[in-house]
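Report on one structure; see the data block that follows.
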Amino acid sequence: MPSDMIVIGAGIVGISTALALQSRGRAVLVLDRPDPALKASAMNAGAFAFSDIVPLATPGIMRKAPRWLLDPLGPLSVPPVYALKIAPWMMRFWRASWPDRYRASMKAQASLMRVSQAALTRQVTDASAQHLLQAEGQLQLYEGEREFRASLPGWELRREHGIRFELLETREAIAAYQPGLDPRFTHAAYTPDWTNTCDPARWLSHLRHVFESRGGRCEAEDVLRLVRHEDHIEIMTTNKAVTTRQVVVAAGAWSHRLAASLGDHIPLETERGYNTTLDKGAFDLKTHLTFPAHGFVVTKINGGVRVGGAVELGGLALGPNYRRADILLEKARRFLPDLKTEGGSQWMGFRPSLPDSLPVIGRSPGDGRVLYAFGHGHLGLTQSAGTAELIADLVGGNRPPIDLTAFSASRF
């Protein structure tokens, strides 16, 4: 059966969207650029972070901006050679940190999280993927009472949005969830409903296999631009032109280039993330660990340990700075004294980020036959199933369960 729907992007958002459209009777073709590099969808921390509703642009964050340039290895940095280019994005980021916009973004993020959590349950059942999940909760760890107290307003906002958590104010209470932490961590918050996949690469591969086993097709094509015609959309690749009646752009950090070909100028930037994956036996990890003051996590992957995170706003062209991965691993070794750090493999990948930490989900202002599903930052895995169902609702002419105004491409 010929395709009447094309999805551009075979990452977790693209494949989830293709599956959702397929389940509603659409014949779907997925196009993705041929690239041997492991992508963010396969090499992330594996977390379904439904409690992570706080935007990156928090009130007062711009007071820290000068330090980003002075500390290129800090948890949130801008390489000096990229500072001028990213200045317009940073201005939007600053405006997104204003208290009213911050709260509006958090409200929208919480609504998408609720949809995504329910959608993940349906996706897991439909794809028979229960064996790829591990529900072991998450600890956010704080060094001292001052840091802990500063976090409490954020936890109160989570409570308002129905997120369950337990505040821990003794080392003994923390050790009950995760032994072996350095004693500097005196306080923590535990989120029991946090779930991870045991391996994001296996998760993506499994969903793609399900899609293809049901008749879906994936082709390796580097899409250059979209061209509007009266009765179809033409997709220009390096090798050929492909026509379709409708198309979903879910190409991650490259999506804004395709949107621009339709006249939609979306301020997408790239959170360059780094990690190191250690083999089995590196540490007896009981739960997902988050170190918010240092911008990284320690998570279980295939029985081993992945140490990664940080945000480097550096675009798509700059070469990787693996010293960032080294710094994270050095910190993890101090925070987890028994962690064995020998023989790890390093990785850097691109996470598509918008100034208000919300993705673009909805129709192109330039052409309603084109739908956008990108810009999830470090929450692509978390929000993939929910985004997929929302796109499928729009394609099918159904009213989405949440208001998508906050996710519109026209908001910029």
No-hydrogen, no-angle side-chain donor-acceptor test under 3.5 Å, His288 and Gln134: no
Sidechain-backbone polar pair: Ser16 side chain, Ala388 backbone, donor-acceptor under 3.5 Å: no
N-O pairing of Glu269 and Lys85 below 4.0 Å: no
Gly144 to Thr186 - nearest heavy-atom pair and separation: N-OG1, 3.0 Å
Expected output: side-chain Thr191 to main-chain Asp193 donor-acceptor under 3.5 Å: no
SB check Arg333 Glu330 (cutoff 4.0 Å): no
Donor-acceptor contact below 3.5 Å, side chain His206 vs main chain Ala127: yes
Residues Asp126, Arg214; criterion salt bridge (Lys or Arg N to Asp or Glu O under 4.0 Å); working and verdict: CA-CA 12 Å; Asp126 175 65; Arg214 295 174 180 175; 2.9 Å; yes
Side-chain donor or acceptor of Ser105 paired with backbone N/O of Arg101 under 3.5 Å: yes
Backbone N/O of Pro292 and side chain of Thr290: donor-acceptor pair under 3.5 Å: no
Gln109 versus Gln383, side-chain donor and acceptor atoms under 3.5 Å: yes
Heavy-atom pair of closest approach, residues Val307 and Leu328: CG1-O, 3.7 Å
Flag, side chain of Thr287 to backbone of Gly137, donor-acceptor distance under 3.5 Å: yes
Pairwise distance OG(Ser51) to CH2(Trp194) - rounded to 0.5 angstrom: 5.0 Å
N-O pairing of Asp264 and Arg363 below 4.0 Å: no
Asn196 and Thr299 side chains, donor-acceptor separation under 3.5 Å: yes
Gap separating the CD1 atom of Ile233 from the CG atom of Leu226, nearest 0.5 angstrom: 7.0 Å
Any side-chain donor near an acceptor of the partner, Thr405 and Asp403, under 3.5 Å: yes
Aromatic ring pairing His294/Phe296, orientation class (parallel under 30°, perpendicular over 60°, tilted between): perpendicular
Shortest non-hydrogen contact between Leu394 and Pro400, atoms and distance: CD2-CG, 3.8 Å
Ser364 (side chain) donor-acceptor with Asp367 (main chain) under 3.5 angstrom: yes
Side chain proximity check, Ile61 to Phe93, heavy atoms < 4.5 angstrom: yes
Side-chain donor or acceptor of Ser408 paired with backbone N/O of Leu404 under 3.5 Å: no
Donor-acceptor under 3.5 Å (Arg272 side chain, Gly319 main chain): yes
Backbone of Met113 reached by a side-chain donor or acceptor of Ser116 within 3.5 Å: no
Pair Asp32 + Arg208, salt bridge at N-O below 4.0 Å: no
Parallel, tilted or perpendicular, as decided by the 30° and 60° cut-offs, for the rings of Trp98 and Trp94: perpendicular
Close side-chain approach of Leu56 to His378, heavy-atom, < 4.5 Å: no
Cation-pi geometry met for Arg158 and Trp155 (6.0 Å, 45°): yes
Mutual orientation of the aromatic rings belonging to Phe291 and Phe335 [parallel < 30°, tilted 30-60°, perpendicular > 60°]: tilted
Cationic N near anionic O, under 4.0 Å, Glu160 to Lys107: no
Atom pair CG (Leu204) and CG (Asp199), whose distance is rounded to the nearest 0.5 Å: 10.0 Å
